[in-house]
Amino acid sequence: MTELLKISLPDGSVREMEPGATPADVAAAIGPGLAKAAIAARVDGELRDLGRPFEGDAQLALVTNRDEEDALELARHDFAHVLAEAVQSLFPGTQITFGPATSDGFYYDVKAPDSRDPFGIDDLPAIEEEMRRIIKADKPLKREVWSREQLIDKWEADGEAFKAEWARELPEDEELTVYWSGEDWLDMCRGPHLPSTGKLDPQAFKLTRVAGAYWRGDQNNPQLTRIYGTGWLNKKQLDAHLTRLEEAAKRDHRKLGREMDLFHLQEEAHGSVFWHPKGYRIWRELEAYMRRRMDGAGYREIKTPQLMDVRQWEQSGHWGKYAENMFAVPDMVPEVDDTGAGAHPKVAPDADWMAIKPMNCPAHVLVFKQGITSYRDLPIRLGEMGCCHRNEPHGALHGLMRVRQFTQDDAHIFCTEHQVVEEVRAFCQLADAVYSNFGFEYDIKLALRPEKRLGSDADWDRAEQELRDAVEEAGMANADYGWEELPGEGAFYAPKLEWHLTDAIGRTWQVGTIQGDRVLPERLDASYVGEDGEKHRPVMLHRAIFGSYERFIGILIEHFAGKLPLWLAPVQAVVATIVSDADGYATEVERQLAAAGIRVESDLRNEKINYKVREHSLAKVPHLLVVGNREAEEGTVAVRTLGQQHQKVMPLAEAIAMLREDATPPDLRQS
RNA sequence: GCUGCUGUAGCUCAGUGGUAGAGCGCACCCUUGGUAAGGGUGAGGCCGGGAGUUCAAUCCUCCCCAGCAGCACCA
């Protein structure tokens, strides 16, 4: 006689099922409503197809659209498959590769037939239509286990070179599966999937864009077309998502930077920022803030050359490993023939070359090496608001976030082996204090040794453990701080701690970092005299908190949607008149505010107050001080604060006191 | 760097094989109005750069440059 399977449900009950039964059978046994609603199953915690038979006694939890996280993942994965099927149906000869779910949808990488150009945005509407047709056809998605040979034969017979390549390389011990869509299309996939395409909502997805992507993420491989879509459980969710995207676009720092007159970019200096008075005001406030922080944490600020002879960069190793990202200039008087247009300076063949620094570390080692350093002097913390240039790949440039000229809040800590953990721990706390002051929550990641690296495994073991220990001692190696270790992500010379900020749109950016480096002190022969009278190598910690002023300001703008905290706002208050009779009073109000250290402007223009309110609100001025005849007579101001509809009339002295208090940088507040 | 898309007034964008238009902004005039756009007049463009096709190119073709989205890169 056959043994019945014991299937335990989340409510504690146990159902006995015939061998070969599936989660779908259990759902049907419980009731028709659940049978209809179920889209997948968790079997012993693993997400599986509804139609995949149990392999023995099991814990079962049926998944429905109420389990949103699982449901979204399944739906997006299925959208990706339907996308691939649709593309092949419309464009026979298209090769398919991979198509995973993403955080808001899905994509699929395909290779268009040689007979046509890569797919473009114009192809998307037809593909969407075909996807809807496949969804409406409600094709069952059926799992089958295939042998490797079967798979390879199938893909080669179909001319699917990428799939065949992948099938050959799948791990030996893995069960290989395909999923049928109806009778006529299949894809190799680990699954799980929904029971049928009809479980998808045909109105809950939208193809959004196409882009190039390299096969297996390698630049040396053929480039495929990646078709992106956003996918949800229903139209309401899709619409909400599209609205969110519109809101996100409104706070794009490039758009706000122009609207608020903070900075501009132009092609003659692409990748380098022209800071306007208002934008540079933010910079100066940040710089003053960071100087106070670093002064208070035992750093000493230095300034080092922009240009150094390339021989110095050869010695540091940068000229060998980093030259393609460096700018070099000939050390000579340029000869230009003055025949006019098209004249180019001539570079003498024997010219000496200088390079503009792409980073500050070698120069800091050179400062460290001046004189003789005793172990008693360590740690030595050298800071620099270091302006660096890197010739980044052009496609990488992005507003303020990725530029070719940028200024780091850089510092290098030279210390002994024994001081590393304590220095890193102290840095964790400094970084925490800084990010908290801006209201940022952050994640800390530990990027571990990459495949290509310098140094022994023993050194790497130690270096990684030092960083890990330091974060643990700081009490930050936990989920509250998004603690995570990233294998293979480290620099070639050292593991890195990385601080990632999440902006209000949910994108993450790396800003802060600290790295323990034993390579550069060696290459540039930095040493200190130990207690034993012998020379020793210091460890060099590279660290930054803002990362770069450019990127940090970009993040601030987006995070606050341009409505910066008062201490950072370029213009903190505008005095706006209602009638020209109040001009004299307004000027006096402006004078007193300026004398109190408030960044203030006055608006005496011949415009209605409605117009002025609107304009300064759009310009995101935090406080509007409106004055008319009444205020002039009473010595008051009507304060309208950004984001509020009402205004508060108060004596001028009171308004000044309030603004001064609010404009105090967070690190200088008493409380 | 790769793939796709884009480049017209300071900004946002229409438009046409016969060298251009709107709104906002700007200047001037009228208006002195109590909390998100008062009215009028006017100035502004080598239609990203170069080559080609054509009687004629901002428009079509090719090459460059820059920007956007992604990929790769981010020592």
Side-chain angles (χ1 to χ4, degrees), chain A residues 102 107 109 111-112 117-124 208-228 249 252 254-255 258-259 261 264-271 316-318 320-326 342 358-359 361 388 390-399 401-403 406 450 452-454 489-494 496 498 510 513 515 517 519-520 542 547 551 576-583 604-619 624-631 638-640 642 644-647 649:
Chain A
T102 64
Y107 66 79
D109 287 349
K111 174 96 166 56
D117 290 334
F119 299 111
I121 197 105
D122 297 336
D123 295 311
L124 298 185
T208 49
R209 57 182 180 266
V210 293
Y214 300 105
W215 166 238
R216 306 180 80 163
D218 186 335
Q219 205 166 177
N220 300 313
N221 286 338
Q223 190 160 35
L224 310 167
T225 304
R226 177 168 296 179
I227 302 176
Y228 280 93
D252 188 305
R254 293 165 298 188
K255 178 176 153 69
R258 197 166 41 238
E259 289 173 359
D261 193 18
H264 85 270
L265 297 158
Q266 67 181 61
E267 50 176 287
E268 288 76 8
H270 68 111
S316 69
H318 293 93
K321 285 205 186 302
Y322 202 66
E324 64 181 23
N325 286 294
M326 290 171 67
M359 53 198 78
C361 22
C388 299
R390 297 181 189 176
N391 198 350
E392 300 283 2
H394 289 190
L397 301 176
H398 181 92
M401 302 301 199
R402 188 86 179 266
V403 287
F406 56 94
K452 287 183 187 168
R453 58 181 183 265
L454 295 176
E489 300 275 311
F492 73 91
Y493 57 84
K496 302 193 286 188
E498 301 176 348
Q510 189 203 310
T513 185
Q515 311 163 14
D517 180 7
V519 173
L520 201 58
H542 307 244
R551 178 177 286 186
T577 51
I578 295 170
V579 291
S580 53
D581 288 346
D583 284 2
L604 309 182
R605 288 175 306 169
N606 175 14
E607 295 290 352
K608 294 198 172 182
I609 192 60
N610 291 14
Y611 182 90
K612 294 184 183 180
V613 166
R614 176 182 151 82
E615 189 172 278
H616 297 300
S617 298
L618 289 174
L624 197 55
L625 276 48
V626 177
V627 297
N629 286 327
R630 226 158 42 221
E631 287 76 14
V639 181
R640 179 178 167 130
L642 186 61
Q644 297 179 1
Q645 250 88 67
H646 65 277
Q647 58 274 354
V649 179

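Bear in mind that the values here come from a model prediction, so they are computed numbers and not experimental data. Residue numbering restarts at 1 for every chain, and letters A, B, ... go by the order of the sequence lines.
- Across the P atoms, B:U8 and B:G50 are found 16 Å apart, a figure rounded to whole Å.
- Comparing B:G15 with B:G45, their C1' atoms are spaced 14 Å from each other, to the whole Å.
- Distance check on atom P: B:A20 versus B:G48 gives 14 Å, rounded to whole Å.
- Not one side-chain nitrogen or oxygen of A:Arg226 sits closer than 4.0 Å to the OP1 or OP2 atom of B:A72.
- For A:His270, the ring pair (Phe, Tyr, Trp, His ring centres under 6.0 Å) criterion is met by A:His394, not counting sequence neighbours.
- Between B:U61 and B:U16, the distance separating the two P atoms is 15 Å to the nearest Å.
- Heavy-atom neighbours of A:Glu324 CD from other residues, nucleotides or ligands within 6.0 Å: at or below the threshold of 12.
- For A:Thr513, the side chain to side chain donor-acceptor pair (under 3.5 Å) partners are A:Gln515, not counting sequence neighbours.
- Across all strands, A:Ala638 comes closer than 4.0 Å to base atoms (heavy-atom distances).
- We find that CG of A:Asp218 is positioned 13 Å from C1' of B:G1, with the value rounded to whole Å.
- Atom P of B:A57 sits at a distance of 15 Å from the matching atom of B:G49, rounded to the whole Å.
- Using a 4.0 Å heavy-atom distance criterion, A:Ile578 is classed as a base contact.
- Here A:His542 pairs with A:His412, A:Asp517 under the side chain to side chain donor-acceptor pair (under 3.5 Å) rule; sequence neighbours left out.
- Within 4.0 Å (heavy atoms only), A:Glu631 reaches at least one base atom of the nucleic acid.
- Residue contacts for A:Arg630: at a heavy-atom cut-off of 4.0 Å it reaches a base atom on one of the strands shown.
- A:Lys496 comes within 4.0 angstrom of the backbone, heavy atoms only, and of no base.
- Under 4.0 angstrom from either OP1 or OP2 of B:U12 there lies at least one side-chain N or O belonging to A:Arg258.
- For A:Arg402 against B:C73, a side-chain N or O and a base N or O form a donor-acceptor pair under 3.5 Å.
- For B:C68, one of the phosphate oxygens OP1 or OP2 lies less than 4.0 angstrom from a side-chain nitrogen or oxygen of A:Arg254.
- Base pairing in RNA chain B yields stems of at least 3 consecutive Watson-Crick or G-U pairs, both distances under 3.5 Å, namely B:1-7 with B:65-71, B:10-13 with B:21-24, B:26-30 with B:38-42, B:48-52 with B:60-64.
- Here A:Asn391 pairs with A:Arg404 under the side chain to side chain donor-acceptor pair (under 3.5 Å) rule; sequence neighbours left out.
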Point to revise | Contact state string [nucleotides 37-51 of chain B, B base, S sugar-phosphate only, - no protein heavy atom under 4.0 Å] | key: BS-------------

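- Among the heavy atoms of the strands lying under 4.0 Å from A:Leu618 is at least one base atom, whether or not backbone atoms are also near.
- When each of A:Thr225 and A:Gly490 is assigned the nucleotide of RNA chain B bearing its nearest heavy atom, the one mapping closer to the 5' terminus is A:Thr225.
- Remark on RNA chain B: of its neighbouring residues A:Ile121 and A:Gly395, the 5'-side contact belongs to A:Gly395, judged by nearest-heavy-atom nucleotide.
- When the P atom is compared between B:U58 and B:G21, the two are found 16 Å apart, to the nearest whole Å.
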Practice item. For A:Thr102 and A:Tyr107, run side chain to side chain contact (heavy atoms under 4.5 Å, CB included): C-alpha distance rounded to whole Å, both residues' side-chain angles, the deciding distance at 0.1 Å, then the answer. Key: CA-CA 7 Å; A:Thr102 64; A:Tyr107 66 79; 3.5 Å; yes

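- The base of B:G70 lies outside donor-acceptor range of the side chain of A:Tyr214, with no N or O pair under 3.5 Å.
- Across all strands, A:Asn325 comes closer than 4.0 Å to no nucleic acid atom at all (heavy-atom distances).
- Using a 4.5 Å heavy-atom threshold, the side chains of A:Leu642 and A:His616 count as separate.
- Using a 4.0 Å heavy-atom criterion, one finds that A:His394 contacts the bases of the nucleic acid, with or without backbone contacts as well.
- At B:C68, none of the side-chain N or O atoms of A:His398 fall inside 4.0 Å of OP1 or OP2 (strictly under the cut-off).
- Residue contacts for A:Gly217: at a heavy-atom cut-off of 4.0 Å it reaches the sugar-phosphate backbone alone, with no base atom in range.
- A:Arg254 and A:Asp252 are joined by a salt bridge, as a carboxylate oxygen and a charged side-chain nitrogen come within less than 4.0 angstrom of each other.
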